[in-house]
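Structure, as structure tokens:
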Amino acid sequence: MENKQTKYIFVTGGVTSSLGKGIVAASLGLLLKSRGYKVTIQKLDPYINVDPGTLNPYEHGECYVTEDGAETDLDLGHYERFLNQATSQANNVTTGKIYQSVIEKERRGDYLGKTVQIIPHITNEIKRRIKMLSRKGDYDIIITEIGGTVGDIESLPYIEAIRQLRWDIGEENCLFIHLTLVPYLAASGELKTKPTQHSVRYLMESGIQADVLVCRTEHELPKSLLSKLAQFCNVKQGSVIQCLDAETIYDVPLMLQEQNFDKIVLEGLHMEIKEEADLTNWKNFLHKHKNPENNVKIALVGKYVSLQDSYKSITEAFTHAGSALDTRVGVEWIYSGDLDEENIQNKLKNVDGILIAPGFGDRGLNGKILACRYARENGIPLFGICLGMQMMVLEFARNILGLEEAESAETNPTTPHPVISLMDEQKNVTNKGGTMRLGNWDCRLKEGSKIAEIYGTKEIKERHRHRYEFNNEYYDDFDRAAFRLTGTNPDTGLVETVEYDNHPFYIGVQFHPEYKSTVAQPHPLFIEFIKAALEYKKN
Ligand code: GLN
């Protein structure tokens, strides 16, 4: 039985949204982990969706998937990429999840005789979800990021819950970090502290005194201003940190470390200041990322390109692989709905590789199919992920196997050639939320295949998020034409990876390798794809 007290850090945001709480939380996590502490990061999202799986990527950005199959906020991707450590179902909690469990308990009769209320029932459930992560004593420190901005009606129960939690477990075991904006008024050339003061006061009205302020700013904040903020916001001198706009998100941990952020936090938590974080590997990664010797241009063909956050994990995986190869990976965002027979050559002639993105529904599919064909015929490295792989299959069926009417059952359930079909276990599923094939599944790679060589092993586990699959009735037709089904799930035979023999790099995967790429461990498929693009460019 573990009896060491877990310490809790809460990160709230004020003034505006989108200040980068997720990056600050991930950076702090990295600094503390590098000092030898066991850390995890959790995100509490105040919306009523049970999870972001049903949210539109245009509005909310990518839906990130954990090993254990949670569909989560994209900030969890940052946590994993920074800490090189998996998160889980328990790391993302929404108001929907909280209410769902409280209402289930109410129906079961757990509260019999009581009126079920926000306080204490909802706040208790929030506290339970926060503490759940420390149940097994796995972590010294849990960082909990609260989504939204203080003052939002939706955030109130969360703020109240963390206020209570501090009271429950003692001040010395909790720390409140508040992230705000210090705006710069160009006309008068002034940095303004008032929004931060108001935001801190807002928090105080809910009984929370911020311990540390992190101030997002476009301009260096002078010492006098930091000290004024400390005085007027009632935090210790030295506990106001600036978070200057950075060239890349990967600069942030170093910028915060320079200001002793992690040390201030550990002092605030009454924890031992273990040896300074060693960020040598991180710095090497960053140096190579910023000073690349080569560059390649990759076309990212997808339908959500108007919000680049929709493909966050893919672009970050490019960054990790690019740094490993001393290469800047420039992304050419191509809306698949814009591609047609006439313009395809023009749109793709200058790229060194093509990635066909994941997605849902039928919009822009033709453009994806055209891009697959263009890459196949011109020997351009092609990497298809999930829906991208499915479009590689469709294209090949139509143009090489002569199955002109081949389609995916997702867009045409009555097609005579459903080369992509609904998975058996999906046939009776009617609910949309949380019902896809999700999370880690085993995949066995064929001896001698290119992909087995890339992974350096035959047994892999990757994360999934789909309902449709390659239709194994067509297995032999594809195989005869040198379109190889090189990876399958050992239990079901479900096709997980495809490749084409007559091409320098033509790989499609039913899973999402991008979720697994981290700064410390760039993903091998992304590395090989970028290598192939470099090679293509050379020739
Ligand atoms: N829409 C496809 C399916 O459900 C692909 C999903 C995806 O690309 N994540 O199978």
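Computed from a prediction, not measured in an experiment: that's the story for all the values here. Heads up: numbering here begins at 1 and tracks the sequence. Counting starts at 1 for both ligands and their atoms, following the listed order.
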Report yes or no: does Gln390 have a heavy atom closer than 4.0 Å to ligand 1? yes

Does Met436 have a heavy atom less than 4.0 Å from any atom of ligand 1? no

Which residue supplies the protein heavy atom nearest to [atom], what is that atom called, and how far is it?
| atom | value |
| --- | --- |
| atom 4 (O) of ligand 1 | Arg467 N, 3.0 Å |
| atom 5 (C) of ligand 1 | Gly359 O, 3.3 Å |
| atom 1 (N) of ligand 1 | Glu410 OE1, 2.7 Å |
| atom 7 (C) of ligand 1 | Cys386 SG, 2.9 Å |

Assess whether a salt bridge exists between [X] and [Y], defined as any Lys/Arg side-chain N lying under 4.0 Å from an Asp/Glu carboxylate O.
| X | Y | answer |
| --- | --- | --- |
| Glu71 | Lys432 | no |
| Arg465 | Glu62 | no |
| Arg484 | Asp501 | yes |
| Glu125 | Arg128 | yes |

Which atoms of ligand 1 sit under 4.0 Å from any heavy atom of [X]?
| X | value |
| --- | --- |
| Tyr468 | 3 (C), 4 (O), 10 (O) |
| Leu387 | 5 (C), 7 (C), 8 (O) |
| Arg465 | 6 (C), 7 (C), 9 (N) |
| His512 | 9 (N) |

Contact check, side chains of Tyr158 and Thr95, non-hydrogen atoms, under 4.5 Å: yes

Taking the side chain as every heavy atom from C-beta outward, state whether Ile380 and Tyr374 have any pair of such atoms under 4.5 Å apart. yes

Checking His320, His289, Lys290 against Tyr250 for side chain to side chain donor-acceptor pair (under 3.5 Å), the one that qualifies is His320

